[in-house]
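Written out below as structure tokens is the structure these notes cover.
Every chain is numbered from 1, with letters handed out A, B, ... down the list of sequences.
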Amino acid sequence: MNYDYKAQEAKWQKRWDDAHAFEAKQDFTLPKYYPLVEFPYPSGQGLHVGHPRPYTALDIVARKKRMQGYNVLYPMGWDAFGLPTENFAIKNKIHPKTVTERNVARFKGQLKALGLSFDWSREINTTDPSYYKWTQWIFLQLFKKGLAYKKEMAVNFCTSCKVVLANEEVVNGVCERCQSTVIRKVKSQWMLKITEYADRLINDLDGLDYIERVKAQQINWIGRSTGAQIRFATTAGDDLTVYTTRCDTLFGATYMVIAPEHAMVEKWKDRLSNYDEIAAYRTASSRKSDFERTELVKEKTGVCLQGVRAINPVTGKEIPIFVSDYVLAGYGTGAIMAVPAHDDRDFAFAKAFGLPIVQVVEGGSIEEAAYTDVDTGKMIHSGFLNGLDVEDAKVRMIEYLEEKGIGHAKVNFKLRDWVFSRQRYWGEPIPLVECEHCGWVAIPEEQLPVMLPEVDSYEPTENGESPLSAMEDWVRCTCPVCGGAARRETDTMPQWAGSSWYFLRYCDPHNDKELASREALAYWMPVDWYNGGMEHTTLHLLYSRFWAKFLYDIDVLPQSEPYSKRTSHGMILGENGEKMSKSRGNVVNPDDIVRDYGADTMRLYEMFIGDFEQSAPWNPQSIKGCKRFLERVLNLTEIAEGEGVTAALEKKLHKLIKKVTEDIDAMKFNTAIAAMMGFVNDVYDHGSITKSDLRTFALLLCPFAPHLAEEVYEMMGGVGLASLAPFPVCDESKTVDDTVQMPVQINGKVRAVLTVDVQADKEAILALVHADAKVAEALQGKTVVKEIVIPGRIINIVVK
RNA sequence: GCGGGUGUGGCGGAACUGGCAGACGCGCCAGACUUAGGAUCUGGUGGAUUUCCGUGCAGGUUCGAGUCCUGUCACCCGCACCA
């Protein structure tokens, strides 16, 4: 039969639209299911074959759940603010809004062509003022709770994009987007106190069904460490506080190091005979990017402070203080006690500067390398700690420090606060004004949204200020508190803002009173299954969990975790096994596949390509296997006859229902498809199938290849839409076989295969084994040592 | 260095709590139908060979190991001077 997929696709997509088949129902008494995929950034390139993989996977989940009677919310939208659009707009002199509309239209067309069952009535767009009104509203709540603050700080500045980047956006010292050099620049920035949520962001992972690598990566990124803060007195009469995780080694601290930017350098300026040298060192390191600073791991540099020394609080000895850029200003106290005997970096520095190395934990060979093992070795040369294990020594030392009032236990995090300002046009305006009298003041909520004004030029300015800063008329305003002269904040929010709460808006997308109604949030949230890329684990995923926790704290959201389950798909690689990219010339356009093979084949192939979590290379040859399968399914309609059970296939069909149902829940889409292929092969081998059984099969196939499934279902007399019909339910009793094939092994080698009644016990099975000619032949002249029978599985006879 | 992961035919990949390794698909080989086949259908397809060898490598546990344990190698991803 001729497989006219183009006509079929158009026909069924229209019928689904006409029936509003995939719209979530407003009935909150029904059992709900909320699967979610990350909404895309509508780039100018259009969809890439990587996009449909997760979309199709969760579409299968959504479609199956819908057929199983759940009220399903499977939404889609556009994360449309961002630099590429702005850059394109600048280059082509088109308004970014126009560019966005064009890109969205293209993406939407491509997604619709794939037959994805999104609820388009809930489509959202982060650049829509009715959406970003609420992004601004959330920011204001953060501001009001003191979680947004302005800070002069050295920030990462991309020399090409002319924009400040978050730490997360700097990869190997270059801009994540354009690969240009990133330098340090001091700017006043809005910051969000995500660090205040660090503990909860780690601890609450416990109850969540996230794949291991996501949890591990988040924990690693937040970087919680427990240690102690210790105060060292100095010869300047003040003191210097350090953070350490190895307070047990305090007796071995033979010098100290502070970051070049450390405030004490200025404080001690008059006492330091080599201040100029130190200042020069500081200037040199500030010019280096983070990358350069960390790249030369082996080469330790630094300057010894002449004029101020510290006193080790337990040995009473005076020790030198150095500045060195191996100590980071932003972590801990920006100062360390150096224990060269037990820290690799301190060891390298001590060797370079000829500093004393005092061993305080036995083990290793200190002449060659630092001994960093904490599990073996007792404390030595450590006064009251001598003889203790490292862990016990830590506890004892903290007690001592607290007794003496010179230190205490302390937890530190690698996680930094979130740099929230961007000096760009195409983002949400930050809804604040600066008043001469009142300082930073929030725009009253009823005046939201603060609309992004029309500007003449979207070009970033040479001085790094936002393009909005050039609009004097817009910038000048009055203070909402005192009515005096004020100036608007001209920075915009980062792209991560809009995506940090979009899953909430889907619950109630047209609400103009609240970001979403309490009832809708209570019903739909949390997201039941969220799938997205691993590249978003430390950015989007962490930010959105932070915002959800905040919204929970201020009683907007009923739950403190937004996603119950998080999975991640593998990448689709080019034919050559390399990552798909324009520069490698191995990009496959999904439009071509849909045109040449049809949407169902495309969907099926993306799912059949391999393990969903693993990356897999694109293979144009393999696609036709999926197409052949679909044609073979369609051709079954020509041999299908009658109603009722196809006796010879009954068990196979029920096993298939079970397999497909379980595999979808376990994300094993590839083996579900393989099983369906196997079943179709069985039907052809058998030569016939009833129309009712073929309808059942079509329903099983429906989540995967919905257009063809609808067609087959209709041809076989199915009533209504297959997409809305009940998903087949397996009758367990029909999946049980009467007999099993049991291999008989002799010394682990299969010598015969017996057909055995499922109910047969050991004795009955052994009787069969002994009666078997092949077995008898193989046992000739051998002595049986042992007979192992695992009913239903295998028989192994051990002989000599 | 730390964390996570992966090694199975020519290729993508299957294999439940240890139980016939290679499901399913691609490719390939042979045949059928054809003016034709890069369409379709049928059969075959891990390697040598009549009995073995085979899941990165080396050991171990077991009646039995792709699966468990010890060690080791290679590759991929994330973080990385975080004290």
Practice problem: Give A/T537 one of three labels, base, sugar-phosphate or nothing, depending on what nucleic acid heavy atoms sit under 4.0 Å from its own. | Solution: nothing

Quiz item: If you check the A/I788 side chain, which of B/A83, B/G19, B/A23 turns out closest?
Solution: B/G19

Exercise. Identify whether the glycosidic angle of B/G66 places it syn (within 90° of 0) or anti.
Key: anti

Quiz item: Does A/R632 put a side-chain nitrogen or oxygen below 4.0 Å from OP1 or OP2 of B/C41?
Solution: yes

Quiz item: Take atom NZ in A/K627; do more than 12 heavy atoms of anything else shown fall under 6.0 Å from it?
Solution: yes

Self-check item: Pair A/E732 + A/K658: basic N to acidic O under 4.0 Å
Solution: yes

Practice problem: Would you mind pulling out the nucleotide paired to B/G27, Watson-Crick or G-U wobble, both distances under 3.5 Å? | Solution: B/U45

Self-check item: Options B/A83, B/C16, B/G13, nucleotide nearest the side-chain atoms of A/A616
Solution: B/G13

Practice problem: Measure from the side chain of A/A674, starting at C-beta and using heavy atoms only, and say which of B/C63, B/G19, B/C24 lies closest. | Solution: B/C24

Quiz item: What distance separates A/I765 CD1 from A/R793 CZ, expressed to the nearest 0.5 Å?
Solution: 12.0 Å

Exercise. Run the salt-bridge test on A/K394 and A/E391 with the 4.0 Å N-O cut-off and return the result as yes or no.
Key: yes

Exercise. Classify the side chain of A/R213 versus the base of B/U6 as yes if they form a donor-acceptor pair under 3.5 Å and no if they do not.
Key: no

Quiz item: Hey, does A/E613 reach any base, or is it just sugar-phosphate, or nothing, if we go heavy atoms under 4.0 Å?
Solution: nothing

Practice problem: Report the residue (A/Q741 or A/G223) whose heavy-atom-nearest nucleotide on RNA chain B is the more 5′ of the two. | Solution: A/Q741

Quiz item: Looking at B/A14, B/C63, B/C81, which one has an atom nearest to any side-chain atom of A/T671?
Solution: B/A14

